[in-house]
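Note sheet for the following structure.
Atoms considered below: every heavy atom in the structure, side chains included; atoms not considered: hydrogens, waters and symmetry mates. One-based numbering, in listed order, for ligands and for the atoms of each.
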Amino acid sequence: MTIRVLTGITPSGTPHLGNYVGAIRPAIAASRASEIESFFFLADLHSLIKAQDPARTQRSTLEIAASWLACGLDPDKVWFYRQSDIPETTELMWFLTVVASKGLLNRAHAYKAAVDRNREEQLDDDAGISAGLFMYPVLMAADILIFKANRVPVGRDQIQHIEMARDFGQRFNHVYGKEFFPLPEVVIDEQVATLAGLDGRKMSKSYHNTIPLFAPREELKKLVFSILTDSRTPGEPKDTEGSALFQMYQAFATPEQTAAFAQAFAGGIGWGDAKRQLFERIDAELSPLRERYNALMAEPEKIEAILRKRGQQLREQFAIPLLKELRHAVGLRDLSQAGDAAPAHVAAKAALPLFKQYREKDGRFYFKLLDGEGKLLLQSEGFDSPRDAGQLIAVIRQADHGAALQTPLMRVETDVAEVLAALQALRDAA
Ligand code: TRP
């Protein structure tokens, strides 16, 4: 079975070398592996949460699309599309919204950080916070679930969102009694290089220390020559460790070239020379991409055509049939057929999960949580009294978040999302 890997790209401004080395280049390389089906999309609906200038939204979307294509993404081999071209995503978002727990969304990092900032400034908790920011994780879950993605590579800041996508998917599956959605796995690339910027800090737009990926040759040269170095003169050995210049070279060179460059550092290469070599290395890799980028930007209608075609195919092959199935599943049905609609969900209702308390030969009191089929979900340690065990049960019955399951008094024997879904089922039935 091929594995579906889905990557969402929020269009915001023009990419820089750090984005290229840390995200674009590795993602495109990974998309070429066999046995995987890659989905890459421009999260333009998400971008509206932050940027509400229409001309800028259009421009960013075009620039990011052209960037990924110029860097080698092959739109005949991967699914490359625009989020807003799949309207079924927003419909699915609503189906997920109604099973999503608001409490879980309250705990989303991005939303919580915004609330914390308001509190610091003694404003109302939700001052200036849009419902869009609050619902962000549900839209993201819809992006993932609509194509039944198995793996989602993301940065650390997005891990929680993938956990939420699992949670919403699991709840939907549970409430409507079928495995509509596989639960997506988060993929974190530990190796991901973060590139240092001009001033030696991490390259980032917020530090104003970036080198634009498609800067013209002359501008690239000027920027490379402005990289911060120490005051050692030519002839003095230079440290490779902690050198932004060396690290950048490494990101664009083979191991052999890097070793030779390290030799030159030890041998006292002058900074001007080192910068010239770095510039030539980067330019050698980027100049064909820059040419492609400029050609693509000159013909935006070609990009538009690619995105539309792929979006349309995705709708026809996956999104439209899936939504048809889901609409039926939730009960948005042809009313003329109501006569033969047995109260299906009553019949299909699976047995409820169950807490079981018992005493072992060691004289201590234990409990476990079993799902409707008797599968073990949680296993407690021994307690001195049944009351102690009962108290912990009461606490976890209320838990609608994974953190509540992290106690040494108990082991989670399966996927946390499964346990949370079982607890939710118990609460729903209560
Ligand atoms: N939120 C992601 C980011 O800012 C972009 C994104 C939107 C995404 N929807 C997604 C990523 C679905 C992965 C899966 O990086």
State plainly whether the residues Arg171 and Asp167 are in salt-bridge range, i.e. N to O under 4.0 Å. yes
Any idea how Phe214 and Tyr293 line up, ring-wise: parallel (<30°), tilted (30 to 60°), or perpendicular (>60°)? parallel
Are Asp85 and Arg315 ion-paired here, with the side-chain N under 4.0 Å from a carboxylate O? no
Among Leu145, Val186, Thr10, Val154, closest by heavy atom to atom 5 (C) of ligand 1 is Thr10
Using distance alone, determine whether Gln158 and ligand 1 share an N or O pair under 3.5 Å. yes
Please work out which of the three classes, parallel, tilted or perpendicular, describes the rings of Phe95 and Phe172, given edges at 30° and 60°. parallel
Nearest non-hydrogen partners of Arg292 and Leu69, listed with the distance: NE-O, 4.3 Å
Show your reasoning for whether salt bridge (charged side-chain N to carboxylate O under 4.0 Å, His left out) applies to Arg217 and Glu280. CA-CA 10 Å; Arg217 192 178 145 86; Glu280 292 301 344; 3.8 Å; yes
What residue and atom, counting heavy atoms only, is the protein's closest point to atom 7 (C) of ligand 1, and at what distance? His46 ND1, 3.4 Å
Heavy atom under 4.0 Å from ligand 1: found in Phe41's side chain, backbone, both, or neither? side chain
Enumerated ligand 1 atoms positioned under 4.0 Å from heavy atoms of Ile144: 12 (C), 14 (C)
Contacting atoms of ligand 1, where contact means under 4.0 angstrom from a heavy atom of Val152: 13 (C), 14 (C)
Closest non-hydrogen protein atom to atom 12 (C) of ligand 1, residue and atom name please, with distance? Met140 CG, 3.5 Å
Protein heavy atom at shortest distance from atom 1 (N) of ligand 1: Tyr136 OH, 2.5 Å
Aromatic rings Phe41 and Tyr81: how do their planes relate, parallel, tilted or perpendicular, breaks at 30° and 60°? parallel
Could you check whether Asp428 and Gln424, counting side-chain N and O atoms only, form a donor-acceptor pair closer than 3.5 Å? yes
Of Thr7, Thr89, Leu6, Asp143, which has the heavy atom at the shortest distance from atom 14 (C) of ligand 1? Leu6
Determine, considering heavy atoms only, which of Ser47, Gly8, Ala142, Pro153 sits nearest to atom 11 (C) of ligand 1. Gly8
With a cut-off of 4.0 Å, which atoms of ligand 1 are near a heavy atom of Ala43? 7 (C)
